[in-house]
Structure formats: structure tokens, C-alpha cells
K.L.:
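Below is the structure I would like to discuss, written out as C-alpha cells.
Order of listing sets the numbers, starting from 1, for every ligand and every atom in it.
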Amino acid sequence: MSADRQFQTPLFDAMLSLARSRKLSFHTPGHKSGKGISTRFRKFVGPNIFSIDLTTLDEVDSLQKPRGVIKEAQQLAADAYGSDASFFLLNGSSGGNHAMILAACQPGETVLVARNVHQSVVTGLILSGARPIFFLPEVNFDLKLVMNVSFRATKTAIDANPTARTLILSSPNYYGITADLERIIPYAHKKGMVVLVDEAHGPHLHFHPKLPCDAVDAGADCSVQSTHKIIGGMTQASMLHVKRRRIDMTHLASVLRQMQTTSPSYILMASLDLARMQMATEGEKLLDKAIYLAEDARRQINGIPHLSCFGKTDLLGADLKEASFDLDVTKLTISVEALGLSGFEVSRILNRDYQIQVEMSDPGNILVIVSIGDRQDDLDCLIKALQSISKKGKLEGKGKKLSSEVGLPPLSECATLTPREAFFKPKEYWPLEACDGKLKLSANMVTIYPPGIPALIPGEPITPEIGAYLKKMSMFGAIIDGLDGGNKIGIVRE
Ligand SMILES: Cc1ncc(COP(=O)(O)O)c(C=O)c1O
């Protein structure tokens with residue numbers, strides 16, 4: 001297919017042409033091109049958006065059964081990403097993870113799963129009834145960060161579990177650290193496994209040679225990307241890319257039909273059509289700028305007293321020689337520990353005093369995403385704010401104490417029940433403190449959000465270490481999902 005075709009936006013064009021035709025609508029949506037919408041809403045956003053808030057009609061095709069412009073738009077996405085097929089997703093990468101796992105994994109089947117996966121992967125396991133065997137990511141004790149799974153740990157898990165047919169990974173992680181997919185995937189394939197990758201943070205990787213290798217290029221059978229997180233998709237708009245060799249494409253399409261809404265937003269789908277066009281036609285140039293801005297900011301941040309921001313070369317600690325992680329350099333993980341403040345505190349100060357909002361904070365860091373939407377001025381403001389916070393001196397906050405006190409999440413890899421078994425058991429709710437030492441099994445998923453990696457998965461033991469970790473994290477202001485009424489934890493009733 002000629003590269004010129006990537007300039008085309010068949011879905012968006014069809015939507016514009018239908019909107020301009022001003023056909024009389026006696027169908028959903030009920031606001032009828034905005035005529036019935038609240039005046040306040042229309043005044044703020046203007047009239048155009050409502051004229052393209054369409055429903056499934058011949059002119060604009062059907063997501064459930066694409067035969068026209070949606071089929072063409074998805075094919076263009078597949079060509080741009082190098083997959084055999086790409087599907088538009090309207091419930092983010094969460095929906096993609098659910099569908100990918102449900103389509104690829106059988107109930108009771110053993111599945112190897114990196115323990116640093118997002119909660120939506122666990123929900124996919126609950127839906128499918130697969131029996132996960134988790135293996136742990138590496139920890140970099142210098143950076144005090146959970147990295148990603150290493151080739152060595154993945155190979156060990158694969159060799160120890162010859163009956164496992166599927167491997168599920170998450171790469172890059174929230175901090176932009178990728179697993180070595182180019183070694184892991186061929187090894188898993190050699191052992192007859194199917195590889196599914198949650199690549200929510202990687203929809204841009206394919207379009208720039210300085211960014212880590214993306215999952216499709218590394219040979220993944222399925223990968224899910226949040227187009228909305230990093231490039232031009234609107235919130236919720238994501239994509240699922242598939243290679244047909246090991247995946248039953250007809251079954252996957254059928255699963256997506258059953259899992260996705262029957263009323264997909266055409267606005268979100270158009271944003272996918274346009275985001276793909278933008279990346280395929282000028283992605284490298286746009287990303288060049290984002291990479292330059294991020295690397296320049298990293299250099300400046302490393303010159304600010306008490307702050308540091310790791311780069312690619314810092315990823316290989318002495319104990320991690322074999323892990324060979326790569327970094328998406330557009331992510332800036334800024335360590336604030338030496339300021340004497342926690343990441344949560346610096347995030348609040350930036351928001352309150354400098355009108356700057358960061359993506360995420362943890363005990364020792366704040367995370368800044370630099371994207372194709374950023375300008376030099378934006379980064380200059382951030383640097384000035386960080387310089388000003390640093391100049392106020394080494395504040396005696398909780399930071400130093402906090403990150404060494406809280407430590408890293410003591411992730412478990414030994415569940416007694418499968419997530420699905422635990423999910424459907426009768427539950428009771430106990431205060432966190434009451435679980436100390438009694439080794440109850442968690443009935444729920446307990447997740448610190450962001451990054452959304454479950455601290456506890458249904459069926460895992462609530463160890464004293466994880467209990468203490470959750471208590472400390474909540475004391476220091478982390479948002480913990482899955483604790484009922486703030487501090488009650490669901491346990492499996494014996
Ligand atoms: C690694 C990872 N996977 C999946 C998701 C879910 O993506 P979405 O918000 O698009 O549903 C997230 C969201 O934060 C994530 O960090």
C-alpha cells in the first residue's frame with residue numbers, strides 16, 4: 001500500500017460529509033446534532049462537535065460489523081503499525097486488555113503473567129478464568145524503582161512452566177521502562193507460547209528510531225495501546241494490534257463485538273483515524289521535538305540542587321547487567337527525595353503554587369509526560385518552578401523519611417486461589433490492621449492509582465508486609481482503590 005494513503009482519513013471524511021449533508025435525523029443520539037443539548041454545554045464547546053456525534057449509519061459504517069470507512073480506517077492503522085489487523089477500542093486499553101485475554105486464554109489454562117501488570121489485565125484473568133503464574137519485575141535499589149521484567153526472569157518462568165501457553169507482559173511501564181521484548185518474544189515463541197503485551201504507554205514508539213522497539217515490531221501476537229495517553233487520541237480511544245499467526249482473528253473480532261459498546265462514539269473513533277494519520281505522516285518530526293524537549297529538560301533538572309532525573313544510561317545498575325531495559329526518554333521521572341519532600345508533596349506544591357499538574361507522584365518521585373503537544377515554554381515553566389522549589393532550600397518535609405520508610409511495594413507471586421476463584425467467593429470486610437499476621441486471602445483487587453499495578457490481587461495472601469505498606473501509603477496521601485470505606489479490606493470468607 002502506498003505511503004500516500006496514510007494521509008487519508010476515511011472515517012473522519014465520511015463523518016464530515018454526512019454532517020454537511022444536514023439530513024433530517026430521526027435516530028439516536030437524542031440531542032439531534034446539538035439542537036437538544038444543554039445551552040451551557042453548546043456555548044462552551046461550539047456547535048460543530050455535536051454535528052459529528054453520530055451513530056451507526058450506512059455513511060459512517062459500523063464498529064460492530066465494519067465494511068466501509070471504519071474497516072478502511074482500521075486497515076490504515078494496521079498498515080501504519082505493521083500489524084495484520086488493528087481494532088479501534090472505545091473503553092481505553094482496559095477494554096483492550098479484557099478482550100485480548102478473553103480471546104486468547106481458556107478457563108483453567110496456565111498463563112505466565114508479569115506481576116507488574118495493570119489492574120485491567122487481572123480483570124481479564126478474572127473474566128477468562130485462566131490460572132495465572134506470576135513472576136516478579138526487577139527492582140533498581142539505586143533508583144528505588146520497580147523496573148520491568150528481565151529476560152532472565154521471564155526465561156526462568158517459561159522454562160519452569162512448560163504447560164503455560166500464554167505470556168502476558170506490560171511494557172513500557174508507567175515510567176517509560178521497557179522489557180527486552182526483542183529477546184523475550186522470540187524465546188516465548190520458540191517454546192510455543194502466544195505473547196500478549198499491554199503497551200498502553202507505547203502508541204508512539206513505532207514512529208521514532210530513538211524510542212524503544214514496540215511490541216508489534218518485536219513480534220508480539222497482540223498488543224494494546226492507549227492512543228489517548230501519549231498521542232492524539234481523545235480520552236478512552238485506544239487500539240488493539242494483532243498478528244494472525246497464533247491468534248484466532250475471527251474469535252477475537254467476535255469477543256470485541258461482545259465486549260465493546262454497541263453505541264461507539266464516532267468522535268473518539270475519528271480521533272483514532274486522525275492520530276494514526278498524524279503519526280504515520282509526520283510522527284518522526286513531531287516526536288523529534290518531544291524527545292529534544294524531554295532530553296533538554298532532563299539535563300536541566302539534573303543541574304538543579306536536590307533533584308535528579310534518570311536517563312537511558314542510568315538503567316544498568318551493577319546488579320542489573322542482564323536486565324537490559326530500555327527507556328522511553330519522553331518520560332521524566334524526577335526524584336525529589338533529596339529535597340526532603342515526598343513526590344506527593346511536590347506534586348501538590350506544583351499544582352497549588354505554580355499551576356502545574358504532573359501525571360503521577362509516588363513516595364520519592366514525580367512523573368512528567370512530555371508529548372507532541374508540549375512546547376518549549378511549557379518545559380521552561382516546569383524548570384523554573386522546580387528551580388524555585390529547590391531554592392527554597394532543602395525543606396524538612398517527609399520525603400526522605402517517606403521513601404525509605406514506605407519502600408517499594410512488596411509484590412507477591414504466590415496466590416492460593418486464582419483471581420476468578422477468589423473473586424466469586426463469599427467475602428467479609430476487615431480493617432487493614434486486623435489482618436496483621438493472620439494471612440487472610442484478599443477477595444478484591446487493591447490498587448494504588450496511578451500507576452494502577454495491584455498491590456493485592458484476588459486470591460493473594462494479605463501479608464503483614466503488604467498490610468504495613470498499604471497503611472503507610474495511605475498515611476502519606478496515596479490514593480488506594482479497593483479498600484472499602486477507606487481502610488476495610490475484602491477477604492475471602494473461610
Ligand atoms: C500499564 C497500563 N495498562 C493499561 C492501562 C489502562 O488504560 P486505559 O486508561 O486506556 O484504560 C493503564 C492506565 O493507566 C496502564 O498504565
K.L.:
Given Asn116, Asn91, Asp198, which has its nearest heavy atom closest to atom 4 (C) of ligand 1?
P.N.:
Asp198
K.L.:
Give the residue and atom name of whichever protein heavy atom lies nearest to atom 11 (O) of ligand 1, and the separation in Å to one decimal.
P.N.:
Ser94 OG, 2.6 Å
K.L.:
So for ligand 1, is Ser93 a polar contact partner (N or O within less than 3.5 Å, distance only)?
P.N.:
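Looking only at distances, the answer is yes, because the N/O contact criterion of under 3.5 Å is met.
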K.L.:
What atoms of ligand 1 come within less than 4.0 Å of a heavy atom belonging to Gly92?
P.N.:
10 (O), 11 (O)
K.L.:
If you measure every N/O of Ser120 against every N/O of ligand 1, is any gap under 3.5 Å?
P.N.:
no
K.L.:
Taking the basic N atoms (NZ, or NE/NH1/NH2) and the acidic carboxylate oxygens, is any pair closer than 4.0 Å for Lys229 and Glu199?
P.N.:
no
K.L.:
Can a salt bridge be assigned to the pair Glu345 and Arg348 using a cut-off of 4.0 Å between side-chain N and carboxylate O?
P.N.:
no
K.L.:
Which is it for Tyr175 and Asp362 under the side chain to side chain donor-acceptor pair (under 3.5 Å) test, yes or no, and what are the steps along the way?
P.N.:
CA-CA 11 Å; Tyr175 303 96; Asp362 67 25; 2.6 Å; yes
K.L.:
Which residue in the set His189, His241, Lys243 passes side-chain hydrogen bond (donor to acceptor under 3.5 Å, both in side chains) when paired with Asp221?
P.N.:
His189
K.L.:
Pull out every atom of ligand 1 sitting under 4.0 Å from any heavy atom of Tyr174, numbered as shown with elements.
P.N.:
14 (O), 16 (O)
K.L.:
Report the nearest protein non-hydrogen atom to atom 15 (C) of ligand 1: residue, atom name, distance rounded to 0.1 Å.
P.N.:
His118 CD2, 3.4 Å
K.L.:
With a 4.0 Å cut-off on heavy atoms, does Gly452 reach ligand 1?
P.N.:
no
K.L.:
Mark up the atoms of ligand 1 that fall under 4.0 Å of a heavy atom belonging to Ser170, in ascending order.
P.N.:
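What qualifies from ligand 1 is 1 (C).
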K.L.:
Which part of Gln236 is near ligand 1, with near meaning a heavy atom under 4.0 Å away: side chain, backbone, both or neither?
P.N.:
neither
K.L.:
I need the contact type for Ala200 against ligand 1. Using non-hydrogen atoms and a strict under-4.0 Å cut-off, is it side chain, backbone, both or neither?
P.N.:
side chain
K.L.:
Can you tell me how far apart OG (Ser308) and CD1 (Ile334) are? Round to the nearest 0.5 Å.
P.N.:
9.5 Å
K.L.:
To the nearest 0.5 Å, tell me how far Leu125 CG sits from Ser120 OG.
P.N.:
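Going from the CG atom of Leu125 to the OG atom of Ser120 covers 10.0 Å.
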K.L.:
So, taking the atom named CG in Asn91 and the one named OG1 in Thr261, what distance separates them when rounded to the nearest 0.5 Å?
P.N.:
9.5 Å
K.L.:
Counting only nitrogen or oxygen atoms and a 3.5 angstrom limit, does Lys229 reach ligand 1?
P.N.:
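Yes, since at least one N or O of Lys229 sits under 3.5 Å from an N or O of ligand 1.
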K.L.:
What protein heavy atom lies closest to atom 16 (O) of ligand 1? Include the residue and the distance to one decimal.
P.N.:
His201 NE2, 2.7 Å
K.L.:
Decide if the gap between the ring center of Tyr81 and the ring center of Phe207 is smaller than 6.0 angstrom.
P.N.:
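Yes; Phe207 has its ring centre under 6.0 Å from that of Tyr81.
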K.L.:
Suppose I only count heavy atoms of Ser226 and a 4.0 Å limit; which atoms of ligand 1 are within that range?
P.N.:
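Listed by number with element: 7 (O), 8 (P), 10 (O).
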K.L.:
Between Arg115 and Glu460, does any side-chain N to carboxylate O distance fall below 4.0 Å?
P.N.:
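Yes, this pair counts.
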